[in-house]
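A short worksheet on the structure shown next.
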Number of protein chains: 2
Amino acid sequence: MEKTIIELEQAAQTLKLLGDKTRLTILGLVKDSECCVCEFVEVLQMSQPSISQHLRKLRDAGLVKEQRRGQWIFYSLNREHATYPIIQQVLEQIPDQKEKLKALEEAGLRIQCDS
Amino acid sequence: MEKTIIELEQAAQTLKLLGDKTRLTILGLVKDSECCVCEFVEVLQMSQPSISQHLRKLRDAGLVKEQRRGQWIFYSLNREHATYPIIQQVLEQIPDQKEKLKALEEAGLRIQCDS
DNA sequence: TCATGATATAAGTATATGCTTATATATACA
DNA sequence: TGTATATATAAGCATATACTTATATCATGA
């Protein structure tokens with residue numbers, strides 16, 4: 001893998017966004033698969049506006065991408081972002097969030113969408 | 001290298017501290033060698049109290065260690081910290097701060113202390 | 001066209017953050 | 001003992017942050 005050097009200022013901006021439990025969990029979730037807002041609300045047990053505001057910060061910074069499918073808006077990790085290598089490394093060193101999505105699925109709360 | 005999983009909450013706390021240009025630079029500097037406060041002040045061109053306050057945050061979190069030698073207090077990276085793997089990875093992906101120390105040295109502003 | 005569900009946005013608020021200036025503390029050295 | 005240097009701490013202040021509640025937007029389906 002080629003080593004890319006990320007500008008300090010840009011790295012700091014991304015790290016600031018990662019430096020919040022809620023956003024770090026959100027990124028841990030979208031690392032494994034796309035998620036929609038109501039799933040974050042369910043997993044994180046937080047209000048919908050609060051989640052939306054965190055997502056907006058992540059999206060404004062370009063760390064996540066959004067895609068509407070019907071009534072849902074799905075968020076995914078933007079692996080093209082300049083600071084993605086940092087995010088990737090960080091996510092590798094924290095507990096996997098996959099089980100939380102699995103628990104959602106088992107509770108029948110996972111959103112599946114073909115459109 | 002063994003892979004250690006860092007608790008999400010603790011990771012977020014460290015990332016928050018890294019998410020500031022000044023502190024990220026400070027950590028980049030102590031990655032290479034011990035530095036004292038006046039060196040940070042010189043390199044970063046910021047007020048001494050401001051630097052001291054950033055150092056206090058880093059020290060309170062345990063990310064750096066301090067050691068007094070005579071009239072100077074030297075700061076160094078605490079490589080035993082639980083979140084050190086994250087810090088290490090991040091520092092590997094941003095520009096090296098070594099030249100800044102070298103410039104200090106050439107300007108005769110580097111503090112050398114044997115005590 | 002209307003009601004519902006998913007999401008975004010706005011406004012308000014309490015707290016956190018990062019600087020400033022002023023001052024205290026601690027060491028060195030004459 | 002007195003002065004200079006290095007550093008820490010305190011207090012004040014402007015701005016940022018992360019919620020809350022209320023409301024707007026947009027797609028779906030009857």
Side-chain angles (χ1 to χ4, degrees), chain A residues 9 12-27 29-30 34-61 63-76 104 108-115, chain B residues 9 12-27 29-30 34-61 63-76 104 108-115:
Chain A
E9 193 143 0
Q13 195 219 350
T14 287
L15 291 164
K16 187 180 217 167
L17 287 168
L18 298 186
D20 174 276
K21 218 178 124 183
T22 302
R23 287 190 296 264
L24 192 52
T25 307
I26 287 175
L27 291 171
L29 288 165
V30 293
E34 294 189 314
C35 296
C36 69
V37 182
C38 57
E39 292 174 319
F40 296 126
V41 170
E42 187 62 33
V43 168
L44 290 159
Q45 291 287 298
M46 289 176 65
S47 76
Q48 175 266 316
S50 189
I51 294 290
S52 271
Q53 284 155 14
H54 282 295
L55 286 168
R56 179 148 69 128
K57 290 196 175 194
L58 293 172
R59 189 203 54 197
D60 284 353
L63 303 193
V64 300
K65 294 182 288 189
E66 68 175 27
Q67 190 191 6
R68 180 179 280 276
R69 291 213 208 101
Q71 57 189 143
W72 297 288
I73 298 178
F74 285 80
Y75 286 85
S76 59
L104 256 198
L109 294 169
R110 198 75 213 281
I111 304 296
Q112 301 291 358
C113 183
D114 315 308
S115 57
Chain B
E9 193 143 1
Q13 196 219 350
T14 287
L15 291 164
K16 186 181 218 166
L17 288 168
L18 297 187
D20 174 275
K21 219 178 124 182
T22 303
R23 286 190 298 263
L24 192 53
T25 306
I26 287 175
L27 291 171
L29 288 165
V30 293
E34 294 189 314
C35 296
C36 68
V37 182
C38 57
E39 292 175 321
F40 296 126
V41 169
E42 188 62 33
V43 169
L44 290 158
Q45 290 287 298
M46 290 177 64
S47 76
Q48 175 266 314
S50 189
I51 294 290
S52 272
Q53 284 156 15
H54 282 296
L55 286 168
R56 180 148 69 129
K57 289 195 177 194
L58 292 172
R59 190 203 54 197
D60 284 353
L63 302 192
V64 300
K65 294 183 289 189
E66 69 175 27
Q67 189 191 6
R68 180 179 279 275
R69 291 211 209 102
Q71 55 189 147
W72 297 288
I73 298 179
F74 285 79
Y75 285 86
S76 59
L104 256 198
L109 293 170
R110 198 76 213 280
I111 303 296
Q112 301 292 356
C113 183
D114 315 309
S115 57

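One can place CZ of R56(B) at 13 Å from C1' of dG18(C), the figure rounded to the nearest angstrom. Atom CD1 in I73(A) sits roughly 13 Å away from atom C1' in dG5(C) (whole-Å rounding). We find that CD of Q53(B) is positioned 9 Å from P of dT20(C), with the value rounded to whole Å. In this entry the distance linking CG of L17(A) with C1' of dT17(D) reads 12 Å, nearest Å. Rounded to an integer number of Å, the gap from Q71(B) CD to dA6(D) C1' is 6 Å. In this structure, R69(A) atom CZ and dC26(D) atom C1' are separated by 17 Å, rounded to whole Å. For the pair E42(A) CD and dA6(C) C1', the computed distance is 14 Å after rounding to whole Å.
Put simply, the side chain of L17(B) does not reach to within 4.5 Å of the side chain of L15(A), judged on heavy atoms.
In this structure, of dA10(C), dG18(C), dA8(D), it is dA8(D) that holds the atom nearest to the side chain of Y75(B). Of the candidate nucleotides dC19(C), dT9(C), dA8(D), dA8(D) has the atom lying nearest to any side-chain atom of P49(B). If you check dA27(D), dT9(C), dT7(D) against the side chain of R68(A), the one that comes closest is dA27(D). For V37(B), the side-chain atoms get nearest to dT7(D) when compared with the rest of dT20(D), dT7(D), dT20(C). The side chain of S50(A) lies closest to dC19(D) when the candidates are dT7(D), dT9(D), dC19(D). Taking only side-chain atoms of T22(A), from C-beta outward, the nucleotide of dG18(C), dT7(C), dC19(D) with the closest atom is dC19(D). With distances taken from any side-chain atom of E66(A) to the nucleotides dA8(C), dA27(D), dT9(C), the minimum falls on dA8(C).
Using a 4.0 Å heavy-atom criterion, one finds that F40(A) contacts no nucleic acid atom at all. Contact annotation for K21(A): no contact, since no heavy-atom pair falls under 4.0 Å across all strands.
The phosphate of dG18(C) has OP1 or OP2 within less than 4.0 Å of a side-chain N or O from R23(B). Checking the phosphate oxygens (OP1, OP2) of dC19(D), a side-chain nitrogen or oxygen of H54(A) falls inside 4.0 Å.
If S47(A) and K16(A) are placed on DNA chain D by their nearest nucleotide, the residue sitting closer to the 5' end is K16(A).
A salt bridge links E34(A) with R69(A): at least one charged nitrogen is closer than 4.0 Å to a carboxylate oxygen.
Looking at Q48(A), its side chain has no donor and acceptor atom pair within 3.5 Å of the base of dA6(C).
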